Number of protein chains: 2
Amino acid sequence: MDLIGNSFTGSYHYTIDAKGRVNIPAKMRKALNPVNDRTFVATRGSDPCIILYPVEVWRQIEEKLINLSKRRALHRYYTRNFVRHAEALQYDQQGRVALPAGLIRYAGIEKDAEIVGMIDHIEIWEPGRLEECDRQYEDRQDELDSISDEIFA
Amino acid sequence: MDLIGNSFTGSYHYTIDAKGRVNIPAKMRKALNPVNDRTFVATRGSDPCIILYPVEVWRQIEEKLINLSKRRALHRYYTRNFVRHAEALQYDQQGRVALPAGLIRYAGIEKDAEIVGMIDHIEIWEPGRLEECDRQYEDRQDELDSISDEIFA
DNA sequence: ACGTTTGTGGGTAAAAGTGGGTAGATTTCC
DNA sequence: GGAAATCTACCCACTTTTACCCACAAACGT
């Protein structure tokens, strides 16, 4: 066993099959607490990718959303847009999930997908967009360094 | 098991048939606690859409309404307007409910309907109005971000 | 090298979504 | 008051989608 606690790490390249299914990397399946019953909640990321939360993590988000004011239209809109694109996905005996068509479109995924661990959740990217993201931030090394300073102070 | 606890999530597009019936998405039917006996309470939303509460959730609302002052006209008016448009709907063996004509008119629904999960209740929108809603809030990203900050603090 | 795990493809039975028929109840109208 | 019209719950039929299963090849670990 060489997984880091119960956190999601690493990056894996997979292909989407004709039925819209992607494999969940075996290491991530092992890292998912059994209480989640093999299921993740998929939704839109703040970045243009799909996010997979273990249900236990999603629960915490839901609790905060439900405590938002129901009186304020903006708060209702916020909740709606968050929940609207969320769907529970249970992976099959082969370890695959069927990604909703809407989320595949949002992430711009065609055939290939890069699955990236983000400690408490997982991201699924169209490979080109991930590279684009790298290019976008490469000239902001100073700011990145100062984040490093905060962390390793 | 492929539902998120007992919460309503995701967004589904359906058509209203000639008899004024809409399908309740299978995942939402499964998420509805059996104590509700396949029935929701439909009413007007604060937004221009139809809201479906599980009866157990509606009961909690009723209890709060009943404790409002019966002496004050404004309170009576508030209760009246809340309850006036509420109607219990039980879905049939195919999983469909017949929406009251008044609520369909209120939501501006013609042929298509977008059913949106809101964790503890369901919203039914005319698709165009949902988009309109998106457009209305897109230039208030700062405020939405500050809600995010509150939640993910 | 060989058994085991992992990733990928595809077939099939069940479930979901959609349309429409019909009988019993309710309402309307004369 | 009673017949005609309407409404509504329930049923059946059909199509599409999804979930579940089996199979196999490549990669991995020992």
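Quick caveat: nothing in here was measured; it's all calculated off a predicted structure. Below, each value reflects all heavy atoms present in this structure, side chains not excepted, and no hydrogens, waters or symmetry copies. Each chain gets a letter, A, B and so on, in the order its sequence line appears, and its residues count up from 1.
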Shortest side-chain distance from B/Arg29, nucleotide among C/dG17, C/dT8, C/dG20: C/dG17
Side chain to side chain donor-acceptor pair (under 3.5 Å) involving A/Asp47 - partner list, sequence neighbours excluded: none
Parallel, tilted or perpendicular, as decided by the 30° and 60° cut-offs, for the rings of A/Phe82 and A/Tyr78: tilted
Inter-axis angle, terminal five-pair segments of the helix from C/dA1-D/dT30 to C/dC30-D/dG1 [nearest 10°]: 30°
Sugar-phosphate, base or nothing in reach of B/Asp17, heavy atoms under 4.0 Å: sugar-phosphate
Separation of D/dT16 P from B/Asn23 CG (nearest whole Å): 17 Å
B/Lys30 vs C/dA16: side-chain N/O to OP1/OP2 distance below 4.0 Å: yes
Pairwise distance SG(A/Cys49) to CD1(A/Ile122) - rounded to 0.5 angstrom: 11.5 Å
No-hydrogen, no-angle side-chain donor-acceptor test under 3.5 Å, B/Arg29 and B/Asn23: yes
d(NZ, B/Lys19; P, C/dG19) in whole Å: 11 Å
Shortest side-chain distance from B/Ala26, nucleotide among D/dA9, C/dT18, C/dA16: C/dA16
Salt bridge A/Arg129-A/Glu114, side-chain N to carboxylate O under 4.0 Å: no
Short side-chain N/O contact from B/Tyr14 to OP1 or OP2 of C/dG17, under 4.0 Å: yes
Proximity to DNA chain D (any heavy atom under 4.0 Å), residues of residues 86-120 of chain B only: B/Gln94, B/Arg96
Spatial distance of atom CD (A/Glu123) from atom CG (A/Leu52) [nearest 0.5 Å]: 10.0 Å
Distance test, side-chain N/O of A/Thr15 to OP1/OP2 of C/dT8, below 4.0 Å: yes
Pi-cation contact, A/Tyr91 with A/Arg96 (under 6.0 Å, within 45°): no
Donor-acceptor pair present, B/Arg21 side chain and C/dG20 base, under 3.5 Å: yes
Nearest-angstrom distance from the residue atom NE2 of B/His13 to P of C/dG17: 13 Å
Phosphate-side-chain proximity, B/Lys27 and C/dA15, N/O vs OP1/OP2 below 4.0 Å: no
salt_bridge(A/Glu132, A/Arg135) N-O dist < 4.0 Å: no
More than 12 heavy atoms from other groups under 6.0 Å of CZ on A/Arg72: no
